[in-house]
Amino acid sequence: MPAFMNLRDIGLFLHSARTDARIERLRPTIGSAAALEAIYAADSDPWSAASARYRYQHRKYEVLISLLPPRRFARALDLGCGLGLLSRHLASRTDNVVGIDVAPSAVARARVLHADQQNLLFEAQDLLSLPSAFDGSFDLVVVADVLYYLSPLDDALLKALAMRIAALLAPDGMCMLANHYFFRLDPESRRSRRIHDAFSWSPGFVLQSEHRRPFFLTTLLQRAGGMPAAASPERRPA
Ligand SMILES: C[S@@+](CC[C@H](N)C(=O)[O-])C[C@H]1O[C@@H](n2cnc3c(N)ncnc32)[C@H](O)[C@@H]1O
């Protein structure tokens with residue numbers, strides 16, 4: 001077991017797996033956004049991100065922050081921020097952080113949890129329809145454990161998303177992707193690999209570095225110079 005986990009953390013993985021299974025069950029009838037909102041309405045912390053009981057998520061956020069280059073960011077965007085725990089960690093390295101999530105209940109809870117942080121702002125937004133006012137206005141965009149909730153997650157959507165996210169960045173901006181990864185041994189890890197490859201090979205980005213840690217994969221990407229403008233990814237039925 002990795003040093004930053006303890007046996008109790010198995011409970012976190014079981015809880016997260018139950019949450020993901022519930023989303024899969026709800027999605028065909030009510031769609032992705034409503035399924036995620038229903039999850040947050042029924043469970044105040046569906047992925048145990050805020051729970052003091054588990055060590056893993058907190059350590060993961062610390063590792064993600066440590067993988068960022070040693071610079072201070074002016075404005076970061078945390079896409080799919082959930083309860084805003086990672087946004088809060090980002091706030092220590094950033095003048096202002098905007099967290100967006102498709103589930104209004106998650107955003108409402110994040111606002112309460114982090115009301116003491118002046119440089120954190122949370123908005124209910126779907127990452128598939130971000131306002132054009134966001135374009136070019138962030139020097140860091142973080143996407144952690146979010147994209148596999150998009151359905152269907154095919155190569156065309158991933159390519160369009162990579163371009164859309166690159167367009168959110170200022171010329172010197174960077175993107176951090178983080179997703180569950182268990183050495184390609186399970187279907188979720190293979191899906192994570194596909195997500196990271198689509199971003200690494202996108203003309204919108206230049207790959208900076210990739211890091212494997214138990215049990216997640218992190219990729220750091222720099223916005224490509226002279227990048228063409230991106231259209232919003234087409235919204236399709238869930
Ligand atoms: C596993 S949680 C991760 C939360 C956070 N990134 C973290 O690492 O703690 C996934 C989050 O992605 C959000 N999400 C999924 N699809 C989204 C979308 N299309 N737009 C915005 N948020 C989305 C969900 O509502 C959920 O809060």
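Order of listing sets the numbers, starting from 1, for every ligand and every atom in it. This structure is a prediction, so every number in the text was calculated from the model and none was measured.
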- [ ] Starting from atom 22 (N) of ligand 1, locate the nearest protein heavy atom and write down its residue, its atom name and how far away it is, to 0.1 Å.
- [x] Val102 N, 3.2 Å

- [ ] Tell me which protein heavy atom sits closest to atom 15 (C) of ligand 1, plus the residue, atom name and distance to 0.1 Å.
- [x] Leu36 CD1, 3.3 Å

Open item on the list: Within the 4.0 Å heavy-atom shell around Tyr61, which atoms of ligand 1 are there?
Closed with: 7 (C), 8 (O), 9 (O)

Task: atom 2 (S) of ligand 1: nearest protein contact (heavy atom, Å) - done: Trp47 CE3, 3.7 Å

- [ ] Spell out, as yes or no, whether a donor-acceptor pair under 3.5 Å connects the side chain of Arg164 to the backbone of Ser129.
- [x] no

Task: Parallel, tilted or perpendicular: rings of Phe182 and His180 (30°, 60°) - done: parallel

Task: Short N-O contact, Arg72 and Asp95, less than 4.0 angstrom - done: yes

Task: Polar side-chain atom of Arg22 near backbone of Ile39 as donor-acceptor pair, under 3.5 Å - done: no

Task: Nearest non-hydrogen protein atom, atom 20 (N) of ligand 1 - done: Leu127 N, 2.9 Å

- [ ] Could you pull out all residues at least two apart from Glu123 that satisfy salt bridge (charged side-chain N to carboxylate O under 4.0 Å, His left out)?
- [x] none

Task: Donor-acceptor contact present, side-chain His114 to main-chain Leu83, <3.5 Å - done: yes

Open item on the list: Closer than 4.0 Å to some heavy atom of Gln125 - which atoms of ligand 1 meet that?
Closed with: 20 (N), 21 (C)

Open item on the list: With a 4.0 Å cut-off on N to O distance, would you call Asp154 and Arg194 a salt bridge?
Closed with: no

Task: Side-chain ion pair, Arg18 and Asp43, N-O less than 4.0 Å - done: no

Open item on the list: Could you identify the single nearest non-hydrogen protein atom to atom 13 (C) of ligand 1 and state the distance to 0.1 Å?
Closed with: Asp101 OD2, 3.2 Å

Open item on the list: Can you tell me if Ala106 contacts ligand 1 (heavy atom of the residue under 4.0 Å from the ligand)?
Closed with: no

Task: Interfacing atoms of ligand 1 (cut-off 4.0 Å, heavy-atom, Leu150) - done: 19 (N)

Task: Numbered atoms of ligand 1 (with element) below 4.0 Å of Asp145, judged on heavy atoms - done: 1 (C), 2 (S), 3 (C), 10 (C)

Open item on the list: Could you identify the single nearest non-hydrogen protein atom to atom 19 (N) of ligand 1 and state the distance to 0.1 Å?
Closed with: Asp126 OD1, 2.9 Å

TODO: Provide the number and element of each atom of ligand 1 under 4.0 Å from a heavy atom of Tyr40.
DONE: 25 (O), 26 (C), 27 (O)

TODO: Apply salt bridge (charged side-chain N to carboxylate O under 4.0 Å, His left out) to Arg193 and list each qualifying residue two or more places apart in sequence or on a separate chain.
DONE: Asp197, Glu210

Open item on the list: Quick test: of every protein heavy atom, which one is nearest to atom 4 (C) of ligand 1, and how far off is it to 0.1 Å?
Closed with: Gly80 O, 3.3 Å

- [ ] Take Asn179 and Ser192 through the side chain to side chain donor-acceptor pair (under 3.5 Å) test and state the conclusion after the steps.
- [x] CA-CA 6 Å; Asn179 285 291; Ser192 294; 4.8 Å; no

- [ ] Have a look at ligand 1 and work out which part of Ala33, if any, has a heavy atom under 4.0 Å from it: side chain, backbone, both or neither.
- [x] neither

Open item on the list: Once you restrict to heavy atoms under 4.0 Å, what part of Ala144 touches ligand 1? Side chain, backbone, both or neither.
Closed with: both

